[in-house]
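Data block below; observations after.
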Amino acid sequence: MAQIIKETNSWGNLNNGLESKLFEPIKIGAWNLRSRIAMAPLTRSFADDPTGVVGEDIVEYYRKRAADGVGLIISEGTVISPRGKGNPGVPGLYSDEQIMGWKKVTDAVHKEGGTMIAQIWHVGRLSHHELAGNLPPQAPSAIPAEGLVSRFRKPFDVPEEMTIEDINEVIDQYAQAARNAIAAGFDGVEIHGAHGYLIDQFNSDISNHRTDEYGGDLAQRLTFMKEVTKAVIDAIGTERTMIRFSAFKGDIPNYMWDDPEMAIRTFVEAFKEAGATMIHPSTMQFDRVLADGKTMHQLVRKYWDGVIIGVGTLNPEMANQAIEEGIIDVAAFGRPLISNPDFIHRIKNGEALEEYDAKKHLNTLI
């Protein structure tokens, strides 16, 4: 077995006597990945705002990461409908023009030998009518989020409680976005079921006060998530479908489940029932202990034998150790890949990484 480095605060040099599993190829689902390194979904807001179409700068942005050897690129959140939009400048996957724009990106990624999936997204109540086609945001219940819309700086609107007809329509929109992703050349999709957005709003007792089949205890509140997942799997296959979930919520950053282990077990049972085989548990701090001395990903692995993508302020040593221990299969990195298009080259060769600086890197594509 390779030497395991337990240090967690250094980016270090993985080439000094360490045969890192990060650089190994792996097959997950339908995807033959060149490495176990994934690019986490990173909202950049550089699409054309009125149309949600990505341009040549986005093509080059993703091409560089593929050329560097990233195994799996997960796109920035890409909305499934005009009403699913919650930030200016985010891309979509519901129009022919958007599909054609993304086709240029996926062609460039594939020419570099990369694999890319689209993160399909509906923000639900975390929006404002000026962003959502001059309609009220949609949500499981008419309960507004507290705070301001990210990158828009206006208070969240009071959402419109979704009817059963609305729910069925949005489930269809997720499935159509998945089909559109395949038409755009993506290798699959990740369903964004985390961070306080629409699916997570159904999952949470804070935002979901329904008394029908979409409300109730946690297992019952996961009904919408299961139906979305089943619809996407029916559209493009479980081998091309991943789902992201979390306790973290953008509008309630300190939120945590009352009983984390029971919550995670309930989620895992729901994923199995929906037919999912690949999941992406999201946490802000990968090594944070949640229950019984275990981290989120350790708790997930206790109940799940499918594919797990790990994420959350990972560094290469932490990621390699988690892969060695069988906790995760692929490690996703976020901000370091914004500031370092040659991230893999640098960590392979022990070169210093450029530290992410929001003021410097967030508003530019490199």
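Quick note: residue numbers are just sequence positions, from 1.
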How long is the straight-line distance from [atom2] of [Y] back to [atom1] of [X], given to the nearest 0.5 Å?
X	Y	atom1	atom2	answer
I182	L93	CD1	CG	10.0 Å
S207	K249	OG	NZ	6.5 Å
K230	M225	NZ	CE	10.5 Å
D57	L365	CG	CG	5.5 Å
D287	N315	CG	CG	9.0 Å
I28	L72	CD1	CG	5.5 Å

Between the main-chain N or O of [Y] and the side-chain N or O of [X], is there a donor-acceptor pair closer than 3.5 Å?
X	Y	result
N208	R210	yes
S35	L33	no
H195	Y197	no
Q176	Y94	no

Without hydrogens or angle criteria, can the side chains of [X] and [Y] be said to hold a donor-acceptor pair below 3.5 Å?
X	Y	answer
N320	S20	yes
N134	H129	no
Q298	R301	no
Q321	E325	yes
Y62	E112	no

Over all heavy atoms of both residues, which pair between [X] and [Y] is shortest? Give the atoms and the distance, please.
X	Y	value
F333	P316	CE2-N, 4.1 Å
I328	A319	CD1-O, 4.3 Å
G114	A66	CA-CB, 4.4 Å
G124	P137	O-CB, 3.3 Å
P88	F152	CG-CD1, 4.0 Å
M242	W31	CE-CZ3, 3.7 Å

Taking atom [atom1] of [X] as the centre, does the number of heavy atoms from other residues, nucleotides or ligands within less than 6.0 Å exceed 12?
X	atom1	value
R335	CZ	no
D258	CG	no
M256	CE	yes
K64	NZ	yes

Inset, instruction - Could you go through the ring-ring contact (aromatic ring centres under 6.0 Å, His included) check for F267 and W304 one step at a time? - result: CA-CA 10 Å; F267 270 90; W304 177 261; over 10 Å; no

Going by heavy atoms in the side chains, are [X] and [Y] under 4.5 Å from each other?
X	Y	result
L353	I347	yes
V311	T283	no
L198	V123	no
V307	T277	no

Sequence neighbours left out, what passes side chain to side chain contact (heavy atoms under 4.5 Å, CB included) with [X]? Give chain and number order.
X	answer
E354	N340, R346, K360, H361
T223	Y214, Q220, E227
Q173	I80, S81, E169, V170
D205	R221, Y255

Legend entry - Q138 and its side chain to side chain donor-acceptor pair (under 3.5 Å) partner, picked from H122, R125, Q201: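 Answer to the side chain to side chain donor-acceptor pair (under 3.5 Å) test with Q138 among H122, R125, Q201: H122.
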
Inset, instruction - Determine which pairs satisfy salt bridge (Lys or Arg N to Asp or Glu O under 4.0 Å) with at least one residue from residues 259-283, sequence neighbours left out, and list them in order. - result: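 Pairs touching residues 259-283 that pass the test: K226-E273, E261-K302, R265-E269.
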
Inset, instruction - May I have all residue pairs that pass salt bridge (Lys or Arg N to Asp or Glu O under 4.0 Å) and include part of residues 85-97, sequence neighbours excluded? - result: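 For residues 85-97: D49-K85.
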
Legend entry - Verdict with reasoning, F286 to H297, per ring-ring contact (aromatic ring centres under 6.0 Å, His included): CA-CA 8 Å; F286 185 81; H297 292 81; 4.7 Å; yes

Inset, instruction - Report the C-alpha distance between H110 and D187 in whole Å, list the side-chain angles of each, state the deciding distance to 0.1 Å, and finish with yes or no for side-chain hydrogen bond (donor to acceptor under 3.5 Å, both in side chains). - result: CA-CA 10 Å; H110 290 150; D187 298 289; 2.9 Å; yes

